[in-house]
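Report on one structure; see the data block that follows.
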There are 2 protein chains.
Amino acid sequence: MARDTRERIITAAATLFRRQGYTGTGLQQIATESQARVGSIYHFFAGGKDALTVEVIRSGGAAYGAMVGALLANGPDDPVEALGAMFEQAAVDLAATDYADACPIATIALEVASTNEPLRIATAGAFEGWLEGLTTFCHQITDDPTGARDLAVMVLTALEGAFILTRAARDPEALRAAGRSVVQLATAVRARSVDANGAS
Amino acid sequence: MARDTRERIITAAATLFRRQGYTGTGLQQIATESQARVGSIYHFFAGGKDALTVEVIRSGGAAYGAMVGALLANGPDDPVEALGAMFEQAAVDLAATDYADACPIATIALEVASTNEPLRIATAGAFEGWLEGLTTFCHQITDDPTGARDLAVMVLTALEGAFILTRAARDPEALRAAGRSVVQLATAVRARSVDANGAS
DNA sequence: GTCTATATCCGGATAGAC
DNA sequence: GTCTATCCGGATATAGAC
């Protein structure tokens, strides 16, 4: 049960942070939602709310990165189409969760960027991990290392930005439009790469 | 002085919300920062914190939209280059403000999207206003109405997403990379449009 | 319009019994 | 490991003197 309680606390905190943000969520609420006591949170996370939040960012970041990686790996064979499918899946998922479950750390990242250095560093680490995974994937589209990284940055920034607009408007159209543009850009990047290497 | 106090309250609230978020900022702090009393906030905003926040979103959204519009209008004559210059300017500005002053309403938008319907609607209105302005601008790049709107969505989502990554990493590289990709995409969109209308 | 005082509640954090 | 009780500060909001 010990391990379970710790996991339940992390899961509850992750869900609440995603929907209400970091400052908007109290330890009391996390305890209630995870069927634990506030004392238990301090038992497992001696550093208090910040220590718990670092763990939420770390584990949530890893889980989300793995989920996106699996989605791209199991999607269409054509990597450009796989990117488009990912945006479509995000649009479907977000609408299905009443526009609540978008990026697990974006809200926290903006809240703490200028106010809490340890948490800011944790969010930066999660984003960098995702970028590395996406960059590897984008190497299937272009051989140019800088081009692959730039494309990966564009995929992630477009996704994060579209999450904001989609949640605000409660309309997945921004996510779909961003997906269309990413596909168009990736197509252009690939054409350029093929061109540079000589057409096949 | 009456009018001044109200303005000072809105300005202070906007600055604090941008750096600490909505739930992370208290009325006491807003009062201190604006050299007013908490009672004065309730005098001017009978609806309390939410009424003040709606006004912050409304006026801040209009001001930011006007600023971006002026930046694009006074930038390079080539509209595609103007978009690239806008991202570069954003990178410079963000670094100059210690990575604090990015989008005035993005943090609020994510915090309230699932928890406060009146504020969520206010943020959606601000984003939609910006999108309309950007779409008009993008008509200089493509005649296709859907294409112009899609490009506008991409510009805004890439900008918002890059703000998140840039603030988290305290490194403007994400904004620069997003700018490069937006320029590349806009170039491809324009080529397509020219192609459809017959090359000049 | 401005300012003080205060009501009520919730925040994070801690001590110690069990 | 779990649970209760509690400290202390800060949150939003209100009442009323000036």
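Keep in mind that what you see is a predicted model, and the values were worked out from it rather than measured.
Atom CZ of B:Phe45 is separated from atom P of C:dG1 by 13 Å (rounded to the nearest Å). Whole-Å rounding puts the A:Leu52 CG to C:dG11 C1' distance at 15 Å. Rounded to whole angstrom, the span from the OH atom of A:Tyr42 across to the C1' atom of D:dT4 amounts to 16 Å. At whole-Å resolution of the value, CZ in B:Arg8 and C1' in C:dG1 are 12 Å apart. Computed from coordinates, the A:Asp50 CG to C:dG11 P distance equals 16 Å when rounded to whole Å. Taking atom CD of residue B:Gln35 and atom C1' of nucleotide C:dT2, one finds them 15 Å apart after rounding to whole Å. What separates CZ of A:Arg6 from P of D:dT2 is a distance of 12 Å, to the nearest Å. Atoms CZ (B:Phe44) and P (C:dC3) sit 10 Å apart, rounded to a whole Å.
Of the candidates A:Asp78, A:Asp195, A:Asp143, A:Arg190 forms a salt bridge (Lys or Arg N to Asp or Glu O under 4.0 Å) with just one, namely A:Asp78.
Electrostatic pairing of B:Glu117 and B:Arg120 counts as a salt bridge here, judged by a charged N lying under 4.0 Å from a carboxylate O. Ion pairing between a basic and an acidic side chain is recognised when a charged N comes within 4.0 Å of a carboxylate O; B:Asp144 and B:Arg192 show no such pairing. Using a cut-off of 4.0 Å between Lys/Arg side-chain N and Asp/Glu carboxylate O, B:Glu160 and A:Arg167 are scored as not salt-bridged.
Surrounding CZ of B:Arg180 are more than 12 heavy atoms belonging to other residues, nucleotides or ligands, all under 6.0 Å away.
Closest contact between the side chain of A:Lys49 and the listed nucleotides D:dG1, C:dG12, C:dC3 involves C:dG12. Here the side chain of A:Arg37 is nearest to one of C:dT4, D:dC3, D:dT12, namely D:dC3.
Listed in residue order, the members of residues 12-30 of chain B having a heavy atom less than 4.0 Å from DNA chain C come to none.
In terms of phosphate contacts, A:Thr5 brings no side-chain nitrogen or oxygen within less than 4.0 Å of OP1 or OP2 of D:dG1.
Atom CD of B:Glu7 and atom CD1 of B:Ile9 lie 9.5 Å apart (nearest 0.5 Å).
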Worksheet item: Going through the checks in order, is the side chain to side chain donor-acceptor pair (under 3.5 Å) test met by B:Gln20 and A:Thr115?
Response: CA-CA 7 Å; B:Gln20 313 176 342; A:Thr115 57; over 6 Å; no
